[in-house]
Amino acid sequence: MASTVVPGSPARTARRSVLVAGSSSPLARRRGRLFWPLVAPALVLYLVFYIAPTAATAWISLNKWAGAGPMQFAGWGNYRRLLLDPTFHSSFVNTLWILFGVGGATFLLSFLLTMVLRHLAGRKALRSIIFFPNVVSGVVISILWGFLFQTDGLVNSLLGALGVDNPPAWLAEDHLFLVIMAGLVWVQTGFYTTILMAAVDRIPPDLYEDAELVGVNAWQRFRYVTLPLMWDVVGVCAVLWSISSIKIFEFIYALAGAAGQLPSTKVWNMAVYAYGEAFSSGVPRYGTSAATAMVMLAMVAVLVVLIRRVVRRDSVEY
Amino acid sequence: MDSLMPRRQVLRTFALAATGAAVLGNAACGGGSSPSGADDKEFTYWSMWQDGEPSAVVLKAAIEQFTKDTGIKVNVQWKGRKVVDQIAPTLNTHNVPADLIDSQDRFVKATLFGTKQGLNLNSVYDLQIPGEGKKVADVIPAKYRDFATADGQAWLVPYQVLAEQIWYDGAALPGVTASPPKTWDEFVTLLGQRKAARGGGGPLALDGDIGDYNAFWTYHVILRDLGPGAFSAAATDKKGAKFDDPRMLAAVSKIEQLVKGGYFIKGYNGSKWPAIQQKWAGGQADFLLLGTFVPSETKSAAKAGFQYRSFPFPSGAAGDTSQEISLVGFAIPAKAKHASAAQKFIAYFLNSSRLAGMSSTANNLTPRTDIAVPAVLADAKKTLDQARTVPALDGVKMDQAEWYIKVFTPTNNEFLAGKLTAAAFLAKLKNTTADYWKVNG
């Protein structure tokens, strides 16, 4: 390690100097000896259970493989198949709808609820109620959601009571994806509201009092006090949503699939597509399934980088 | 790195970690097993049934008796319907964890036979069935053996037969029991009468959210008007031109007639399975086109006095009266280490006294003709004994699964929901089929 002063920022130079000085002390040497024994177990687990399967998936995506028997190298053939497969196209579009449509609605509702609940008595109890769909198994929640929208379900009964004689067939293919998206908003809103409310709770009340003294309205209070002071949390939520939304599987599978069958391809997203390629019926297509997984991984990576760039700004100390 | 930790120590750390991983790996793979041979004293069976299901109860009793009679221990694991998916990742390894599995035909054919990882079961048909003085080949009818044989290799030995029929309540419709409709015209006349009797309500039950259930209707009219194999031929026609056949239009127009005529129960395309089949069992519809699992699945919702009766799909222009079927049976992975013991168990289980439980306890049809069937399946059994059998959906879901799921099912769902006319349905199928084969041909 260099012992001369390296060019760079003052902070980096100072840190480097501490390291250089520290490396010669007995304490630092003992610490150094412990570095690999402490890091290695976690590193091995990470390599075995994360990096290796990811590398294997990347390799499988370049092969034609039925999950058993010999692999046949296909190069970019599986990716080309995805480009030409109309089912993949619709799955990709559905994934984007979930990412942006469900995400947008979820965040909008979460912000609204955060603002409304701030002033309500019993807000902790309300927060628990809103969070409830996250506690229940996703499969159970999605099946329940399906029953609500049956022809004779609660939604149509309510509409009937309101005088709607011919309510839509919600679970027909025309409306099914809409029902799925609404269900996802319902399930996710509580989670993000809880996180955003926690961020709002730590904003000092005197800032709001100051704002009221200068006569701001509700929108201005949100725009100039709340949002800037919770911006870092919003960024984390956006990253969390991007990662989780692309992987959403069980809600669609359990709501729209039944009797051991996959849902109609019209409601597939990329996660269901990846599953369907490997496990639907017929000779499994692990190659295209793995290629889909790699596309999903690339999407997540691009989105996270973009979101980090968009939300990057100096955090406000308070 | 060297300044933080001596190289020797680094190597030692990795060696320890690698040893640990190897130990874990070996433990996960299970203990060693003796190579396959006639002296196997145990084998492992992964079942498609969940513990406690009627079929599992029958198998469990047979397993216990098998161990008593032969001394061969059976390590059974009740895996459930996804058993083939679970064993698939292991088939390429030298530690295939099961010596025997069972599943529905299409899963075994795709994953074991399709990847050349299934054992050729021809020799099982030559085994003697203990206690009967007959071979397996003597009790399994050739039509079922042929169904589960490809390229001269038996890939499945069946122990259950599933068949689609039109189900109804014999107590509510004694006239149908006396004279079930044999032709399409008779069937439509009957539907008209029942619709009128119901005050305009549709007499046909259909859980339209299940793609297969919609497909059964379309497939059957094609089968009856164009004969066995026509649906499969259309699916594999690279230009989709077989969908231009005027007979095809005549056939699917019958479905259009049912949809437009309001013969399907209200809400059939806006409900979640099993809502509609339960309504049917409760008497809110008259007829249900579905498999021989109907009595088991709907028993809890059936109204008092319900008598399960069924008749085959009415004949059409081709005069075809064949009965489509699918099979549930045993298969053995090619690398099973105790294949011999597993084969012995298959032959043992096919003894009529043991297999009879699949009928009497589990309410299923078996491939043996000499086993009494439950009363609820008597009509289906009668058809099976007399009719030519063909693979369900012409085997398309088994052999052309991607086309079936991505091309046919979405379009057919639209058709059954009344979103497409018969002509538009065929035109769309023709185009999407041609597009599909351009990529996959």
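Because only heavy atoms are used, hydrogens play no part in the values below, and waters and symmetry mates are left out as well, while side chains stay in. In the text below, chain A, chain B and the rest are named by the order of the sequence lines, each starting its count at 1.
Rounded to the nearest 0.5 angstrom, A:Ser264 OG and B:Ile405 CD1 are separated by 11.0 Å. Separation of atoms NZ (B:Lys406) and OG (A:Ser91) is listed at 8.0 Å; rounding is to 0.5 Å. Summarising the geometry, atom OG1 belonging to B:Thr409 is positioned 8.0 Å from atom CD belonging to A:Gln261; distances are rounded to the nearest 0.5 Å. If you take CD on A:Gln150 and CD1 on B:Ile276, they are separated by 7.5 Å, rounding to the nearest 0.5 Å.
Per-residue counts of heavy-atom pairs under 4.5 Å with chain B were compared for A:Gly146, A:Ala258, A:Pro263; the largest is that of A:Ala258. Contact tally against chain A (heavy-atom pairs below 4.5 Å) for B:Asp209, B:Asp212, B:Asp207: the top residue is B:Asp212. Chain B forms more heavy-atom pairs under 4.5 Å with one residue of A:Leu176, A:Leu255, A:Leu262 than with any other, namely A:Leu255. The candidate with the highest count of non-hydrogen atom pairs below 4.5 Å against chain B, out of A:Leu171, A:Leu45, A:Thr265, is A:Leu171.
Heavy atoms closer than 4.5 Å to chain B are found in both the backbone and the side chain of A:Ser280. Within the 4.5 angstrom heavy-atom criterion, atoms from both the backbone and the side chain of B:Glu402 approach chain A. At a 4.5 Å heavy-atom cutoff, the contact between A:Asp85 and chain B is made by side-chain atoms alone. If you measure heavy-atom distances from A:Tyr273 to chain B, the contacts under 4.5 Å come from the side chain alone. When heavy atoms are compared at a cutoff of 4.5 Å, B:Lys82 approaches chain A solely by way of its side chain, counted from C-beta outward.
Residue-environment remark: CZ (A:Arg80) stays at or below the threshold of 12 foreign heavy atoms within 6.0 Å.
Side-chain atoms of A:Glu173 and B:Asn269, non-hydrogen and from C-beta on, never get closer than 4.5 Å to each other. Using a 4.5 Å heavy-atom cutoff, the side chains of A:Asp174 and B:Lys419 are in contact. No side-chain heavy atom of A:Trp170 sits less than 4.5 Å from a side-chain heavy atom of B:Lys272.
Pairing each heavy atom of B:Thr115 with each of A:Ala66, the nearest pair is CG2-CB, 3.3 Å.
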